[in-house]
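These notes are about the structure you will find just below.
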Amino acid sequence: MTSIRLLLPGLCLCLALLGGCASAPPKADKVALVIGNAAYDNVVKLVNPTNDAADMCSSLGKLGFKTTCATNVRDRTEFDTLVKAYVAALDAGAVGVFYYSGHGVQAGHGNYLIPTQVKLKSATDDPTKVLYAVDDLFDRLRQRRARFQLVVLDACRADLFEQVEHKPGSRVSAAPRSELVRALETVARASNGLAPIKDAPPGTIVLYATASKDLAFDGDGRNGPLTKHILAHIETRGLYVEEFIKRVTLGVEQETFRKYRKRQTPFIYGSFSGRFCFAGCPGDHDVPVPPAF
């Protein structure tokens, strides 16, 4: 079953997705939903997303975010349940963070996040119907005019469509195609990496791990490069979100070029004209709550 934690300042509750309370969630000034998918049954397994999610939850909790933390979300229904609860906790004065670490794919005209255990009923099924559409997330976020929303998509972590060629005399055979990957290959414009974002909700910044339609490194340490550098700066007091993103981008570029001789460049989409610092802006009081505008 999907592992879910709800982190409040000074409180950690372990929840099961289908259990819990049916009452409406309380409102909060700062709300986050963090998802890390690694234990895939249908595509290449990943190493770091559960670590990424745990560490992001810890940092956001320190910064006063009411944070729901989920790992290995199994299907589209679970994704939707988590997103609905997250959006319901936002209001016009809130700051929201949606963070996802795991596989993502472009297919047809949309971007999709891949649950860990989705299954197709038949070979002719549309595979996008069992994935979670990024547009569905944006549609729900538009229902809440939060002060500021950051959407982090640390996706595109491996080549889903790669096939190892069989070499004569080698005992290594071609990598088997999963049912999901074979189905995705039949969808127009299906490819690794996410397409550019054209219609992010107002007041939202979308941060990609890398350029559109490109692959990101999973990392050889505890965290993927994007998350590693987010964690390095998110608790820095007085750091405006624009400078925060610049520092994260520079750190990812420098590290990936040094280690892999290939530069991974995070990309941002959307717009935000306000003032926000995760750990409090210059002139704020002790409680880092962003001002109204």
Between the main-chain N or O of [Y] and the side-chain N or O of [X], is there a donor-acceptor pair closer than 3.5 Å?
{"X": "Thr67", "Y": "Phe65", "answer": "yes"}
{"X": "Asp218", "Y": "Leu46", "answer": "no"}
{"X": "Thr236", "Y": "His233", "answer": "yes"}
{"X": "Arg237", "Y": "Ala279", "answer": "yes"}
{"X": "Asn37", "Y": "Ile114", "answer": "yes"}
{"X": "Arg147", "Y": "Gly93", "answer": "yes"}
{"X": "Gln106", "Y": "Lys213", "answer": "no"}
{"X": "Lys62", "Y": "Glu235", "answer": "no"}
{"X": "Asp80", "Y": "Thr77", "answer": "no"}

What do the steps show when you test Lys119 against Asp41 for salt bridge (Lys or Arg N to Asp or Glu O under 4.0 Å), and what is the final call?
CA-CA 9 Å; Lys119 296 184 183 302; Asp41 288 347; 5.3 Å; no

Taking side chain as C-beta onward, heavy atoms only, is [X] less than 4.5 Å from [Y]?
{"X": "Tyr100", "Y": "Phe79", "value": "yes"}
{"X": "Leu131", "Y": "Leu184", "value": "yes"}
{"X": "Tyr240", "Y": "Pro282", "value": "yes"}
{"X": "Tyr260", "Y": "Asp220", "value": "yes"}
{"X": "Val43", "Y": "Arg157", "value": "no"}
{"X": "Tyr269", "Y": "Val151", "value": "no"}

Might you work through the side chain to side chain donor-acceptor pair (under 3.5 Å) test for Glu253 and Thr265, ending with a clear yes or no?
CA-CA 6 Å; Glu253 287 182 326; Thr265 300; 2.8 Å; yes

Which atom of [X] lies closest to which atom of [Y], heavy atoms considered:
{"X": "Val73", "Y": "Ala70", "result": "CG2-CB, 4.1 Å"}
{"X": "Ala94", "Y": "Ala146", "result": "O-CB, 3.3 Å"}
{"X": "Arg189", "Y": "Gly108", "result": "NE-O, 3.2 Å"}
{"X": "Tyr112", "Y": "Ala107", "result": "CE1-O, 3.4 Å"}
{"X": "Pro115", "Y": "Tyr40", "result": "O-CE2, 3.3 Å"}
{"X": "Gly238", "Y": "Cys277", "result": "C-SG, 4.2 Å"}

Would Leu141 and Tyr86 count as a side-chain contact (heavy atoms from CB on, under 4.5 Å) if you check the C-alpha gap in whole Å, the side-chain angles of each, and the deciding distance to 0.1 Å?
CA-CA 9 Å; Leu141 290 179; Tyr86 164 63; 3.8 Å; yes

In chain order, what residues pass the ring pair (Phe, Tyr, Trp, His ring centres under 6.0 Å) check against Phe267, with sequence neighbours excluded?
none

To the nearest 0.5 Å, what is the distance between [atom1] on [X] and [atom2] on [Y]?
{"X": "Glu179", "Y": "Leu120", "atom1": "CD", "atom2": "CG", "value": "4.5 Å"}
{"X": "Asp135", "Y": "Arg142", "atom1": "CG", "atom2": "CZ", "value": "7.5 Å"}
{"X": "Gln149", "Y": "Arg144", "atom1": "CD", "atom2": "CZ", "value": "10.5 Å"}
{"X": "Leu250", "Y": "Glu255", "atom1": "CG", "atom2": "CD", "value": "11.5 Å"}
{"X": "Thr249", "Y": "Gln254", "atom1": "OG1", "atom2": "CD", "value": "11.0 Å"}
{"X": "Leu150", "Y": "Ile230", "atom1": "CG", "atom2": "CD1", "value": "7.0 Å"}

Step by step, work out the side-chain contact (heavy atoms from CB on, under 4.5 Å) result for Asn111 and Tyr208.
CA-CA 12 Å; Asn111 291 319; Tyr208 274 11; 3.2 Å; yes

Evaluate Leu60 against Ile234 for side-chain contact (heavy atoms from CB on, under 4.5 Å), listing each step before the verdict.
CA-CA 8 Å; Leu60 290 168; Ile234 197 168; 4.0 Å; yes

Is it true that, when you exclude [X] itself, more than 12 heavy atoms of the residues, nucleotides or ligands shown sit nearer than 6.0 Å to its [atom1]?
{"X": "Lys121", "atom1": "NZ", "answer": "no"}
{"X": "Lys259", "atom1": "NZ", "answer": "yes"}
{"X": "Lys129", "atom1": "NZ", "answer": "no"}

Please evaluate residues Asp136 and Arg140 with respect to the criterion salt bridge (Lys or Arg N to Asp or Glu O under 4.0 Å), reporting the C-alpha separation (whole Å), side-chain torsions for both, the decisive distance (0.1 Å), and the verdict.
CA-CA 6 Å; Asp136 287 352; Arg140 294 198 182 279; over 6 Å; no

Pair Arg263 + Asp214: basic N to acidic O under 4.0 Å:
no

For Arg222, which of Asn48, Asp55, Asp52 qualifies under side chain to side chain donor-acceptor pair (under 3.5 Å)?
Asp55

So the disulfide (SG to SG under 2.5 Å) pairs with at least one residue in residues 196-231 (sequence neighbours excluded) are none

Is there a path of hydrophobic side-chain contacts, each under 4.5 Å between heavy atoms of I/L/V/M/F/W/Y residues, joining [Y] to [X]?
{"X": "Met56", "Y": "Phe217", "result": "no"}
{"X": "Leu215", "Y": "Leu207", "result": "no"}
{"X": "Val97", "Y": "Leu239", "result": "yes"}
{"X": "Phe148", "Y": "Val248", "result": "yes"}
{"X": "Leu226", "Y": "Ile268", "result": "yes"}

Given the rule in the side-chain contact (heavy atoms from CB on, under 4.5 Å) test, do Phe276 and Ile205 qualify, once you have shown the distances and angles that lead to the verdict?
CA-CA 12 Å; Phe276 177 71; Ile205 292 177; over 6 Å; no

Determine whether His229 and Arg247 satisfy the following criterion, side chain to side chain donor-acceptor pair (under 3.5 Å), listing intermediate values before the conclusion.
CA-CA 8 Å; His229 290 278; Arg247 292 189 187 185; over 6 Å; no

Does a side chain donor of either Asn192 or Asp159 reach within less than 3.5 Å of an acceptor in the other side chain?
yes

